J.: 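Before I ask anything, here is the structure I am working with.
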Amino acid sequence: MRIAVASGKGGTGKTTLAVNLAYFNRIDLFDLDVEEPNDHIFIKGESREEIVCRKVPKVDESKCDYCGTCRDVCEYNAIIVLKDRIYTFPELCHSCGACSYFCPREAIEEVDRPVGKIVEVYSEIKLTYGVLNVGEARPIPVIREIKKRIGRNAIIDCPPGTSCPMVESVRDVDFCILVCEPTPFSYHDLKIAMEVLDKLEIKYGVVINKYGLPFKMEEKISAPILGKIPFSKEIAERYSKGELLHNYADLFRQIYEEVVSI
């Protein structure tokens with residue numbers, strides 16, 4: 001079963017839940033927060049890396065007659081054609097290939113542009129995570145490459161929020177755990193995340209982190225509450241040191257069993 005761990009906002013405890021849920025249930029872990037991955041702080045071991053590339057246009061100006069067809073078919077303004085010069089902006093390119101396909105002079109070829117890397121870590125469980133290169137605007141290509149490696153049983157640590165990276169990460173999962181904390185801000189963003197999953201027709205439940213803060217939200221949540229991680233100085237200290245929560249192993253096993261039962 002593919003279980004995604006997501007949230008409406010950052011800092012709610014997605015990583016806390018994802019790494020411990022994967023470790024104590026012995027399930028492979030995938031960190032799709034490629035702009036700021038941190039599961040590797042908790043899951044350490046031997047690793048190997050692989051570069052991730054995407055296709056971008058390269059123009060042979062000896063063939064180009066500056067007709068502007070490539071510019072006209074590009075939906076993302078990644079090509080500018082002047083009277084006697086053509087410029088491409090790979091950061092804006094979405095790798096659709098339209099410019100190369102429609103070029104009447106066959107002056108455009110698609111070449112590989114490195115955009116990040118995938119790292120596999122081998123420990124008691126296998127961790128796979130991505131790292132987006134600095135300056136790259138689009139994390140989706142790296143996320144999609146990681147998703148090709150996900151088997152039938154996996155815990156998927158998703159990017160925060162409800163924008164394109166989160167949507168791409170939860171697509172095709174069997175179940176999504178939404179992590180929230182008992183604050184009005186977190187509750188507001190939780191409702192947005194629930195709306196996104198409803199539209200995607202993905203089953204979900206909620207885990208409340210930092211349980212014990214004064215804001216009462218259990219009665220406000222319509223989704224199943226899978227578990228509650230207490231507001232604890234011990235948990236905060238262990239997290240800051242990159243340590244797993246062995247004293248709470250049974251809690252993470254119970255959360256997994258609750259998901260399976262649903």
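These values consider heavy atoms only, across backbone and side chains, with no hydrogens, waters or symmetry-generated copies. Bear in mind that the values here come from a model prediction, so they are computed numbers and not experimental data.
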J.: Return yes when atom CD of Glu36 has more than 12 non-hydrogen atoms of other residues, nucleotides or ligands closer than 6.0 Å, and no otherwise.
T.: no
J.: Would you please classify the geometry between the Tyr187 ring and the Phe215 ring as parallel, tilted or perpendicular, with 30° and 60° separating the classes?
T.: tilted
J.: Just grab all the side chain to side chain donor-acceptor pair (under 3.5 Å) pairs involving residues 211-220, residues at least two apart or on different chains.
T.: Tyr211-Glu218
J.: With a sphere of 6.0 Å drawn around OH of Tyr122, does it hold more than 12 non-hydrogen atoms of other residues, nucleotides or ligands?
T.: yes
J.: Any side-chain donor paired with an acceptor under 3.5 Å for Asn38 and Thr15?
T.: yes
J.: In terms of ring plane angle, is the pair Phe42 and Tyr239 parallel, tilted or perpendicular, where the classes change at 30° and 60°?
T.: tilted
J.: State whether Phe185 and Lys9 meet the cation-pi test: NZ (Lys) or CZ (Arg) under 6.0 Å from the six-membered ring centroid, and within 45° of the perpendicular axis.
T.: yes
J.: Check whether any side-chain N or O of Lys117 sits under 3.5 Å from a backbone N or O of Leu132 as a donor-acceptor pair, and report yes or no.
T.: no
J.: Charged N to carboxylate O below 4.0 Å: is that the case for Glu243 and Arg238?
T.: yes
J.: Is it true that the side chains of Tyr204 and Asp198 contain a donor and an acceptor less than 3.5 Å apart?
T.: yes
J.: Whether the side chain of Lys147 engages the backbone of Arg171 through a donor-acceptor N/O pair (distance < 3.5 Å, no angle test) should be reported.
T.: yes
J.: Less than 4.0 angstrom from a charged side-chain N to a carboxylate O is my criterion; do Glu237 and Lys241 meet it?
T.: no
J.: Ignoring hydrogens and angles, state whether a donor on the side chain of Glu120 or Tyr129 is under 3.5 Å from an acceptor on the partner side chain.
T.: no
J.: Does Glu50 come within less than 4.0 Å of Arg149, counting only side-chain N to carboxylate O?
T.: yes
J.: Is it the case that atom CG in Asn77 sees more than 12 heavy atoms from other parts of the structure closer than 6.0 Å?
T.: no
J.: Is the shortest side-chain N to carboxylate O distance from Glu136 to Arg113 below 4.0 Å?
T.: yes
J.: Would a 4.5 Å heavy-atom cut-off, applied to side chains only, mark Cys67 and Pro104 as touching?
T.: yes
J.: Using atom types as modelled and distance alone, determine if a side-chain donor or acceptor of Ser232 lies under 3.5 Å from a backbone N or O of Ile235.
T.: yes
J.: Only one of Leu251, Ile255, Val259 passes side-chain contact (heavy atoms from CB on, under 4.5 Å) with Val207; say which it is.
T.: Ile255
J.: Could you tell me if Arg26 sits above the aromatic ring of Phe24, with its cationic atom closer than 6.0 Å to the ring centre and no more than 45 degrees from the axis?
T.: no
J.: Are more than 12 heavy atoms from other residues, nucleotides or ligands located less than 6.0 Å from atom CZ of Phe89?
T.: yes
J.: Does Lys55 pair with Asp112 as a salt bridge, N-O distance under 4.0 Å?
T.: yes
J.: Going by the salt bridge (charged side-chain N to carboxylate O under 4.0 Å, His left out) test, name the single residue among Arg2, Lys203, Arg152 that passes it with Asp174.
T.: Arg152
